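Here it is, the structure in full.
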Amino acid sequence: MAFKLRAGGRAKTMWLPIAGSVAIPRGSIVEFTSGTIVAGDSGTLPGEAVGVLDRTIAATDSDYAVARLVPVLVPTEKGVVWECNDVDGTFTAADVGVEVDLTDAVAVNVDASSIKIAKCVGFGSATSSLFQLKIGGSY
């Protein structure tokens, strides 16, 4: 799992539409495209991110080819903290407070900071630490 809800704020489950035949792993940051959610990527802007997918959508699911609603965790207040266990780049305790970009929907890139969609708020290890996400445009 990439992003997992931790402490420091609340989130609620919202059931959002996804197109049929779209696979997205649990813990992915998602955004809307043409009225349905898709996995975020390195270009996902803070105002476009809507939440974190709370269920894996896989090609082996019985309803995989069907357009449906899926659970997405959406922050309901500022200060929500997420653990990311997929950190790309050279990451140290000195990076706490640094704003970074995504590598893809499940990973942060601590060596990129042009979009600044995630802020490190706690160092765990070089590959897993705590972040606030700019979902909806603010932390």
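Just so we're clear, the structure is a prediction, and the values are computed from it rather than from any experiment. Just so you know, residue 1 is the first one in the sequence shown, and it goes up from there.
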_Under the rule for salt bridge (charged side-chain N to carboxylate O under 4.0 Å, His left out), what residues qualify as partners of Lys119, not counting sequence neighbours?_
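None.
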
_Main-chain N/O of Val30 paired with Ser28 side-chain donor or acceptor, under 3.5 Å_ = no

*Residues in side chain to side chain contact (heavy atoms under 4.5 Å, CB included) contact with Ala126, at least two apart in sequence or another chain*: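 Not a single residue meets the side chain to side chain contact (heavy atoms under 4.5 Å, CB included) criterion with Ala126.
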
*Linking directly or through intermediates, with side-chain heavy atoms under 4.5 Å: list the remaining ILVMFWY members grouped with Leu69, chain and number order.*
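Trp15, which link up through side-chain heavy atoms under 4.5 Å apart, make up the rest of the cluster.
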
*Sorted by first residue and then second, give each ring-ring contact (aromatic ring centres under 6.0 Å, His included) pair with at least one member in residues 41-77; sequence neighbours left out.*
none

*Can Ser113 and Glu99 be counted as having a side-chain donor-acceptor contact under 3.5 angstrom?*
no

*Using atom types as modelled and distance alone, determine if a side-chain donor or acceptor of Glu77 lies under 3.5 Å from a backbone N or O of Arg10.*
yes

*asked:* I'd like to know if the side chain of Ser128 and the backbone of Gly124 have a donor-acceptor N/O pair within less than 3.5 Å.
replied: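 A pair under 3.5 Å: no.
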
*Distance, nearest 0.5 Å, that separates CG of Asp41 from OG1 of Thr103*: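 Reported value, rounded in 0.5 Å steps: 11.0 Å.
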
*Connected-component partners of Val81 among ILVMFWY, side-chain separation under 4.5 Å*: Val121, Leu130

*Side chains of Asp101 and Ser42: donor-acceptor distance under 3.5 Å anywhere?*
no

_In the structure I gave you, are the side-chain heavy atoms of Leu53 and Val70 within less than 4.5 Å of one another anywhere?_
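Leu53 vs Val70: side chains touch.
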
*Which value, rounded to the nearest 0.5 Å, describes the distance between Lys78 atom NZ and Ile135 atom CD1?*
13.5 Å

*Taking it one step at a time, do Val108 and Phe3 satisfy side-chain contact (heavy atoms from CB on, under 4.5 Å)?*
CA-CA 10 Å; Val108 294; Phe3 289 95; 3.8 Å; yes

*Run the numbers on Arg68 and Ile57 for side-chain contact (heavy atoms from CB on, under 4.5 Å), then give the verdict.*
CA-CA 11 Å; Arg68 63 204 176 283; Ile57 310 299; 3.1 Å; yes

_Ionic contact status for Lys4 with Glu83, cut-off 4.0 Å_ =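 Looking at Lys4 together with Glu83, the answer is no, because their closest N to O distance does not fall below 4.0 Å.
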
*Establish, yes or no, whether a centroid distance under 6.0 Å links the rings of Phe123 and Phe91.*
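Close enough - the centres of the two rings lie under 6.0 Å apart.
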
_Using side-chain contact (heavy atoms from CB on, under 4.5 Å), reason through Leu133 and Val80 one step at a time and then give a plain yes or no._
CA-CA 8 Å; Leu133 300 173; Val80 176; over 6 Å; no

*Whether Thr92 side chain and Ala94 backbone form a donor-acceptor pair below 3.5 Å*: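 Judged by distance alone, yes, a pair lies under 3.5 Å.
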
_Partner residues of Asp61 under the salt bridge (charged side-chain N to carboxylate O under 4.0 Å, His left out) criterion, sequence neighbours left out_ =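 By the salt bridge (charged side-chain N to carboxylate O under 4.0 Å, His left out) rule, Asp61 matches Arg55.
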
*Thr76/Lys12 under side-chain contact (heavy atoms from CB on, under 4.5 Å): CA gap, chis, key distance, verdict*: CA-CA 7 Å; Thr76 58; Lys12 70 177 181 177; 3.5 Å; yes

*asked:* Distance check, rounded to the nearest 0.5 Å: Lys134 atom NZ versus Leu45 atom CG?
replied: 10.5 Å

*When rounded to the nearest 0.5 angstrom, what distance separates CD1 in Ile29 from CG in Asp104?*
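Ile29 CD1 to Asp104 CG: 9.5 Å, rounded to 0.5 Å.
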
*Are the side chain of Thr33 and the backbone of Val38 linked by a donor-acceptor contact shorter than 3.5 Å?*
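No, because the side chain of Thr33 does not come within donor-acceptor range (under 3.5 Å) of the backbone of Val38.
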
_Spacing of CG belonging to Asp54 relative to CG belonging to Leu73, to within rounding of 0.5 Å_ = 4.0 Å

